[in-house]
Amino acid sequence: MRLFWEIARREFRRHITYRAAALAGLATNFFFGLLRAAVLLAFFGTSAEVAGYSVQDAVTFTGLSQAVIGPLNLFSWTDVGRAIYSGEVASDLLKPMDYQGFWMARDAGRALTQLLWRGVTIMIAYALVFDIVVPTTAGRWAAFVVAVVLAWLVSFAWRFLVNLSAFWSPDARGIIRFAFILSWFASGFLMPLRFFPDWVVRLCELTPFPHTVNTIVEVYLGLISGTDVIWALLAQAFWAVALLAAGRLVLKAGEKRLVVLGG
Amino acid sequence: MSSAIDAPSESAPNSKDRGLGVLEGLDLYRRLIGAQIRSLMQYRISFAFDFISTGLITLVECAAVAIVFQRFDSLGCWSLGEVALLYGTVTVAFKTMEMLFVGFDPSGFGESVRLGGFDRIMLLPAGLTLQVLGSRFALHRIGALYIIGSTITFWTIDSIEAINIFTYGGQEMMSVPMHIYHPLMRRFFTFVVPGVFLNYAPVVHLLGREDQIGLGPTAPYLAPFVGLIAMIGALAFWRFGVRHYQSTGT
């Protein structure tokens, strides 16, 4: 545990030094948020509420979904796949540590930097430009924090799992890319899932993706309340555990296949 | 590398000044691209994956908007079909641009500056612009902006994510009717990055819709001129960058 803590801390420190890059990323995420907010506002037109979303909820949705791009690594993550291709994986597997834990610790450090540099700052910038929703009860804030942590766990677990395809396929990059593209739609990142018809939502719920962005948004906006919140968090925890376990199994199988050329 | 920078060819990085005629230049470009396509075709499955996933991105984006159209009646008084026309025109234009100018893609070009690949190109007896254009070709994927973005990497060395605001941001912005945006953002994409002329103005004219943002009667026809001016500006900036380029020493 101590080892993972140190790894996470170092990764956090490493990432937090790239201030210019963080600023550029922040500006980009924020700008795209403005574009997306304008589109949703135009969709709403004169209607005050659609599918449980008020205009204010919709604008907040665009801010929140842009804010989690960094922490949840929504666009791409091929670090483990690259380590497998380069053979770097072999030396890390020789070390007396858990390989999945090693990457989880690194991802935790990185996610925390992103959360501070990009996530929180985008929401502050949004609050300056728009009249956004801010939870008022301690209970909702607590549920929101838990939802963010669990969403990161689910996100890391599936990203790690698809990256392991590099053990088998020389085209893992394509497979990983596929998963990411599907996740934009099914996680409720592109549009809130509530705007989709029921049958589309049910299809999305067959995947782990809604338990990342969509759950964070619904908990933050208070679209679900009471015991529904507990169920949503439990569903996140279930997917996190299931995917982490799947990752371990697949890693075991992958290690057996691993042949690294010396040189 | 400083000796290479003093060489006469570096101050005039176009094919003409290097003793290559337009025809030879085109022929060289054709050969470079031909080699690129052949190398892409060596990895067929990889290529198929890239090809399908690029299609999937467009599909997923369209589906999200099209499905949401069922909840709402219109997007700023535009119907799904009309927005689709906007989206289609900008996507085709942007992907064509990416295909031709991917050699200037700031992320890839930044790496060649960082690792010294660009220094090697400078030593070869052919036009620099042509070589960078021919260095990569994307069969699956606003040229002027890419060139500007790449030139900036001469100074920043690392590629700058913020340039995405102008390229992908412009593409995203042009996918929906321009009048829904705040006047400040509209002005940005009219005067700073003149994207509004590329598809919004012509599509408004084509659909016979009222021009809601007051672009004037000539706006639908301005795209070629705006494009030409932007390209000339970008190439001038590129030359300025090449003249002031100091290798990273890698």
Side-chain angles (χ1 to χ4, degrees), chain A residues 18 20-47 50-53 58 70 75 118 129 169-197 199-201, chain B residues 43-78 83 140 156-182 184-186 188-189:
Chain A
Y18 297 127
L23 201 64
L26 182 69
T28 311
N29 288 166
F30 181 63
F31 184 81
F32 273 82
L34 294 182
L35 296 184
R36 299 178 61 207
V39 170
L40 275 182
L41 285 174
F43 262 130
F44 269 78
T46 51
S47 17
V50 175
Y53 271 75
F75 286 164
R118 289 201 190 184
V129 180
S169 168
D171 297 302
R173 218 174 48 89
I175 297 169
I176 297 168
R177 194 146 172 248
F178 257 62
F180 271 96
I181 296 168
L182 282 182
S183 82
W184 300 337
F185 182 89
S187 67
F189 166 72
L190 288 178
M191 285 285 175
L193 287 187
R194 278 176 194 246
F195 289 177
F196 295 160
W199 66 272
V200 178
V201 179
Chain B
Y43 301 94
R44 274 178 203 283
I45 298 185
S46 224
F47 173 73
F49 260 119
D50 269 358
F51 188 80
I52 297 168
S53 63
T54 304
L56 193 65
I57 292 177
T58 308
L59 183 78
V60 155
E61 278 181 356
C62 286
V65 173
I67 293 172
V68 168
F69 250 102
Q70 296 187 326
R71 286 271 178 200
F72 302 89
D73 304 324
S74 68
L75 178 62
C77 297
W78 284 49
V83 175
H140 58 99
T156 62
I157 305 303
D158 223 330
S159 70
I160 36 171
E161 193 180 351
I163 196 80
N164 287 353
I165 290 177
F166 303 104
T167 53
Y168 295 100
Q171 185 195 9
E172 174 122 347
M173 179 139 183
M174 286 184 267
S175 307
V176 289
M178 210 48 97
H179 71 266
I180 68 166
Y181 293 109
H182 190 272
L184 272 179
M185 282 160 92
R186 254 177 2 222
F188 180 78
F189 277 97

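Naming convention: chains lettered A, B, ... in sequence-line order (proteins, then strands); numbering from 1 in each chain.
- Residue contact with chain B, scored on non-hydrogen atoms closer than 4.5 Å, involves the side chain of A:V50 exclusively.
- Each of A:A37, A:S47, A:A42, A:A51 has some count of heavy-atom pairs under 4.5 Å with chain B, and the biggest count is that of A:A42.
- At a 4.5 Å heavy-atom cutoff, the contact between B:A63 and chain A is made by backbone and side-chain atoms alike.
- Using a 4.5 Å cut-off between heavy atoms, A:L35 contacts chain B through both its backbone and its side chain.
- Using a 4.5 Å cut-off between heavy atoms, A:L41 does not touch chain B at all.
- A:L23 does not touch chain B: none of its heavy atoms, backbone or side chain, sits under 4.5 Å away.
- At a 4.5 Å heavy-atom cutoff, the contact between B:S53 and chain A is made by backbone and side-chain atoms alike.
- No donor-acceptor pair closer than 3.5 Å links the side chain of B:R71 to the backbone N or O of A:F43.
- Pairing each heavy atom of B:I57 with each of A:R177, the nearest pair is CD1-NH2, 3.7 Å.
- Environment of CZ in A:R36: crowded, with over 12 heavy atoms of neighbouring residues, nucleotides or ligands closer than 6.0 Å.
- Residue A:F44 touches chain B through both its backbone and its side chain, counting heavy-atom pairs closer than 4.5 Å.
- In this structure, A:F185 has its ring center under 6.0 Å from that of A:F196.
- B:V83 and B:L75 get closest at one heavy-atom pair: CG2-CD2, 3.9 Å.
- Contact record, A:V201 with A:L193: CG2-O, 3.3 Å, taken as the closest heavy-atom pair.
- For the set B:S74, B:C77, B:P177, the entry with the most heavy-atom pairs within less than 4.5 Å of chain A is B:S74.
- Between B:F72 and A:F195, the ring planes are perpendicular. Angles over 60° get that label, and only those under 30° would be called parallel.
- Contact count versus chain A (heavy atoms, under 4.5 Å) is highest, among B:L56, B:L59, B:V65, for B:L56.
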